There are 2 protein chains.
Amino acid sequence: MSTRLSSQEDYEKLLDSYDTWLFDCDGVLWRGDHLIDGVPEVLDILRRRNKKVVFVTNNATKSRKKYKAKFDQLGVVAHVDEIYGSAYAAAVYLSTIIKIPKNKKVYVIGQNGLEEELRDEGIQYIGGTDPEDNTLEPFDLSNFTIDPDVAAVVCGLDTQINYTKLSKAFQYLTRNPGCHFIATNEDSTYPSSAGLLPGAGAISAPLRYALGKDPVCTGKPASTMLDCVKAKVHFDPERTIMVGDRLNTDILFGKNGGLTTLLVFTGITSEDEITGPNPSPIVPDFVTQALGDFRIVERSS
Amino acid sequence: MSTRLSSQEDYEKLLDSYDTWLFDCDGVLWRGDHLIDGVPEVLDILRRRNKKVVFVTNNATKSRKKYKAKFDQLGVVAHVDEIYGSAYAAAVYLSTIIKIPKNKKVYVIGQNGLEEELRDEGIQYIGGTDPEDNTLEPFDLSNFTIDPDVAAVVCGLDTQINYTKLSKAFQYLTRNPGCHFIATNEDSTYPSSAGLLPGAGAISAPLRYALGKDPVCTGKPASTMLDCVKAKVHFDPERTIMVGDRLNTDILFGKNGGLTTLLVFTGITSEDEITGPNPSPIVPDFVTQALGDFRIVERSS
C-alpha cells in the first residue's frame, strides 16, 4: 500500500531520505502550457538543500535543448544536462546499444526534436519532417524505391502522421532484413493543455498492428531511459526517488530501476485508481496531491 | 488436416457438393489490378451449373456500386446484389443492429465507399472525406467543438489518415457517453498490386491503443458480414463453401459461419503456413493453388 504524505514531518522525512530527485514533467511540473501551482518553489527548496534534480520526459517531439525553452517559458529553472527525453534515449540506444554503422540510416516517424537528437548522436536519417513524406497525396508503392541502407525505423509522437510515412516504414520493416523497430515511448495518450489526445504509442500502433510485433521502447517505463541517465549522473538508487503522474510509465519506470516512487494527482492518474475498489497493481511507495505540497516544509519553519 | 484438391474428380466432387459459393476478391479473383488466371472461366462454369455466387470483401474504400466497376474493368461478371462489402456491413450494423436514431450521426474515418454505404442506409455522418478533416495542419483541441449528436465512430481503410481525424474520433469515443466504436475490418495489411501496405486494422489501431479497447468489427471474420448476406440470400450452410486467401479472415469467417472452406495460394497465405513445421491453427477444409484450377473439370470433359 502507498503511504499518503500529509504532515510536515512526512515531507521533511522524504527530503532527508533522497539525494536524487527524478521528475516526470507533463502532469507533474505543468499540464500542457499551464504551470502547476508551487512547482518553482519546491524545485528551489530541493536545489537549496543540494538535491540532484533530473527531468525525465517521454516527450519526443522536442530535443532536450528545445525542451529547456519550455522550462524557461514557464519559469522553471532547469539546465539542459538535467533533462532526459525519450528521443535522446532512442538516439543513444541506436548509437551505443545497437551501434548502428555510420553508413546506415534511420527512417523517422516523428518531429524536429527526434531528428535533432539523432543528428547530435551522428546518426543519418530520412523521413521525419521531410516535406516529401509530410503529405496526404496517395502513396504509390510502385513509385517507391526502397533505401537498402535503412537499418531502423524510429517512431515518436508525430502529429503529421500519414499513410505515406506508415507505408514507407512498413516497407523498411518488412523488406530490409533485420531492420530495427524502435518507439521513443508507448504513452497511449498525450495530455495537451485542452485535454487528452492520442499519444506516441498510438502513432506506432499501426505498425505494431500491421507487423504483428512490438517495437523496442526507449522511453519510460523501459530501463533504456534510466541507462541514459546513469551514463551521465552518478546516483545511489537507494537514495533516489522518481516523481510522476502515470502509474504505467513513471511509477513502473522507477520500480523497474529499483528507485523509490512518488505519485502525484495533477496529471493522468486519479486518486480512485490507488484507493478505489479496483486499485492498480502498480503501487507507488508514496502519494501526494501535488508537487507543490512540499512547500509545507518552509511555511511553518 | 486440409484436403489438397488435385484430380479432376476432386474438383467435380466439390462442384457437386456446394450450391452457394462465397468468394473473397483480392487474392482470389485478382491481386491489386491484375486478374488472376482463369477466374472468369471458373465463375462461368459455376454460373452455368446454376451455382449461387456471392462476393464478400473486406474492402471498405469502395461502395458495392463502385466495387462492381472493378469487376467490370477486369472482365469479371458480377451483379451489385452479389457483392457484400465491409462498409455495407458497417452501415447495416448501424441501421439494423444498433438502430442508431435518425437524429444521431457517425464520425467517419474512411473513404468515399464507406460514406456512400452510410448514405444509402440513411445514416448521417461527418468527417470522412470532408476537406476540413483531411489536413496535416496542427489539430488544436481548444478550437474543437464536440458534436453531441455523434453516437458512433466508424473506421475503415483511410489513406488520408491524419492526426486531426484520430484526435476528433478520440474525443467522440471518450467524451460522448456510449459512443460506439466500429471498424469495417481488421485486416492488418492491404494487398496493393505492387505489394503489401498497412490495412484497415492498422488505421483503427491508434484508437484501439489510445482507448485500450477493441472496436466491434463488421468485416470478415466477424459474423456480422454473414448476417448481411443471410438477410438477402437464402442458402444452406451445409451446401455453402467460402473461398479465400487469408486464414484469419476468409477461412475463419467461413468456419465461424459453419461453412465449408477452401483456401487458395494466390494471395496472402503461403503453402508453408498449411504444410510447414508450424502450421496455422486455422485449418481450411480444402486447399488448391488457384481458383483457375477448377478449369480442369471442362478441359477433359
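In what follows, every chain begins at residue 1, and chains take the letters A, B, ... in the order their sequences are listed. Being a predicted model, the structure only gives us computed values, none of them experimental.
- Other residues, nucleotides and ligands place no more than 12 heavy atoms under 6.0 Å from the CD atom of A:E137.
- Contacts of residues 272-281 of chain B with chain A at a heavy-atom distance below 4.5 Å are absent; not one residue qualifies.
- For the set A:P138, A:P198, A:P206, the count of heavy-atom pairs under 4.5 angstrom toward chain B peaks at A:P198.
- Of residues 162-177 of chain A, those residues with a non-hydrogen atom less than 4.5 Å from any non-hydrogen atom of chain B are, in numerical order, A:N162, A:Y163, A:L166, A:S167, A:F170, A:Q171.
- Both the backbone and the side chain of A:S142 come within less than 4.5 Å of a heavy atom in chain B.
- Side-chain atoms of A:Y209 come within 3.5 Å of backbone N or O of B:E186 as a donor-acceptor pair.
- Looking only at side-chain heavy atoms (C-beta outward), B:L197 and A:F139 come within less than 4.5 Å of each other.
- Among B:L211, B:L207, B:T189, B:L196, the residue making the largest number of heavy-atom pairs under 4.5 Å with chain A is B:L196.
- In terms of the side chain to side chain contact (heavy atoms under 4.5 Å, CB included) criterion, residue partners of A:D37 (sequence neighbours excluded) are, by chain and number, A:R295.
- Here the side chains of A:L136 and B:L136 are in contact, with some heavy-atom distance below 4.5 Å.
- With a threshold of 4.5 angstrom between heavy atoms, A:S204 does not approach chain B through any atom at all.
- Heavy atoms closer than 4.5 Å to chain B are found in the side chain of A:I203, but not in its backbone.
- With sequence neighbours left out, the side chain to side chain contact (heavy atoms under 4.5 Å, CB included) criterion links A:A60 to A:S86, A:A87, A:T184, A:N185.
- Of the atoms belonging to B:S192, it is side-chain heavy atoms, and not backbone ones, that fall under 4.5 Å from chain A.
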